[in-house]
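Working notes, beginning with the structure itself.
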Amino acid sequence: MLRDIRKNYQQAALTESEMAADPFDQLHNWLQEALNSREAEPTAMVLSTVDADMQPHSRVVLLKELTPEGLVFFTNYQGNKGQQLQQNPKVSVNFFWQSLERQVRLTGITEKTSGAVSDDYYHSRPADSRLGAWVSEQSTIIPSPDYLVERFESFRQTFGDTIPRPPHWGGYLIRPTSFEFWQGRPNRLHDRILYTQLEQGKWQIHRLAP
Ligand SMILES: Cc1cc2nc3c(=O)[nH]c(=O)nc-3n(C[C@H](O)[C@H](O)[C@H](O)COP(=O)(O)O)c2cc1C
């Protein structure tokens, strides 16, 4: 029964004195630990956007860069999330690293990365992935899987070995406005440490009730 499934978390604890003063450093540390763990997709993050009707939408995307400015992921600018971000750049992001009993939540504001950043990442991808960005009109209704296979072949013939970045494909930078680090603890007395931004580069730390 689903209702009988429960786990007692006891791997680690968070103390304010051990948390980094800057949440970017804390996220960087936890990401490194997740990369060194047995997590299958340590860079996977649930990205939530809100549409014009105030309806939230969540989906997984992959973190491709963590810079001093924020978190970068890549996608189709014309798909559902792209349209939602055009109207409302506010997002929520969630990492869940199950084996470490950890969650990171953050809120932020997105902006498109420069064409140079998108080009740089696009051209680091294998040819089939680059073609895929042309093939998929993300989030549109399609008649069948074959439709994609045919488009794939057609774009392969069009471009040959030189596959340019589609203008509708690129990166978003998420500039964080708050971070929360969660560590599972015994008896549901979990640790939650919230960082809120006071001013550029200055963060305040609070402990939250689980
Ligand atoms: C593990 C995993 C990684 C994914 N990574 C990405 C990604 O980096 N970029 C992306 O656009 N979609 C990615 N997807 C697909 C998205 O979850 C989603 O289906 C797609 O972006 C369309 O979302 P939208 O219709 O809300 O725009 C990933 C899905 C999974 C399960």
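Side-chain atoms are counted along with the backbone in the values below, which use heavy atoms only and exclude waters and symmetry mates. We count ligands from 1, going down the list as the structure has it; atoms in each ligand are counted the same way.
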Quick test of your reading of the structure: of Val60, Leu62, Val61, whose heavy atom lies closest to atom 30 (C) of ligand 1?
Val60

Ring centroid separation for Trp134 and Phe159, is it under 6.0 angstrom?
yes

Measuring to protein heavy atoms, does anything land under 4.0 Å from atom 8 (O) of ligand 1?
yes

Any donor-acceptor pair under 3.5 Å linking the side-chain atoms of Thr177 with those of Gln197?
no

Out of Ser139, Gly171, Gly82, Gly79, indicate the one that has the non-hydrogen atom closest to atom 24 (P) of ligand 1.
Ser139

Could you list which atoms of ligand 1 come closer than 4.0 Å to a heavy atom of Phe74?
7 (C), 8 (O), 9 (N), 10 (C), 11 (O)

Kindly state whether the ring of Phe74 and the ring of Tyr122 have centres lying under 6.0 angstrom apart.
no

Atom indices of ligand 1, in the order listed, that fall short of 4.0 Å to a heavy atom of Asn80
24 (P), 25 (O), 26 (O), 27 (O)

Within 45 degrees of the ring normal and closer than 6.0 Å to the centroid, is that where the cationic atom of Lys64 sits relative to Tyr121?
no

Which bit of Gln138 gets closer than 4.0 Å to ligand 1, counting heavy atoms only: side chain, backbone, both or neither?
side chain

Lys/Arg-Asp/Glu bridge criterion (N-O < 4.0 Å) met for Arg185, Glu101:
no

Testing the 3.5 Å rule here: is there a donor-acceptor pair between the side chains of Asp51 and His57?
yes

Flag Asn76 as yes when one of its N or O atoms lies below 3.5 Å from any N or O atom of ligand 1, and as no otherwise.
no

Test the Arg102-Trp30 pair against the cation-pi criterion, namely NZ or CZ under 6.0 angstrom from the six-membered ring centroid and within 45° of the ring axis.
yes

Nearest protein heavy-atom contact for atom 18 (C) of ligand 1: which residue, which atom, what distance?
Arg59 CG, 3.8 Å

So if I count the atoms of ligand 1 from 1 in the order they appear, which ones are less than 4.0 Å from some heavy atom of Thr75?
10 (C), 11 (O)

Atom 21 (O) of ligand 1: closest protein heavy atom, distance to 0.1 Å, is Lys81 NZ, 2.6 Å

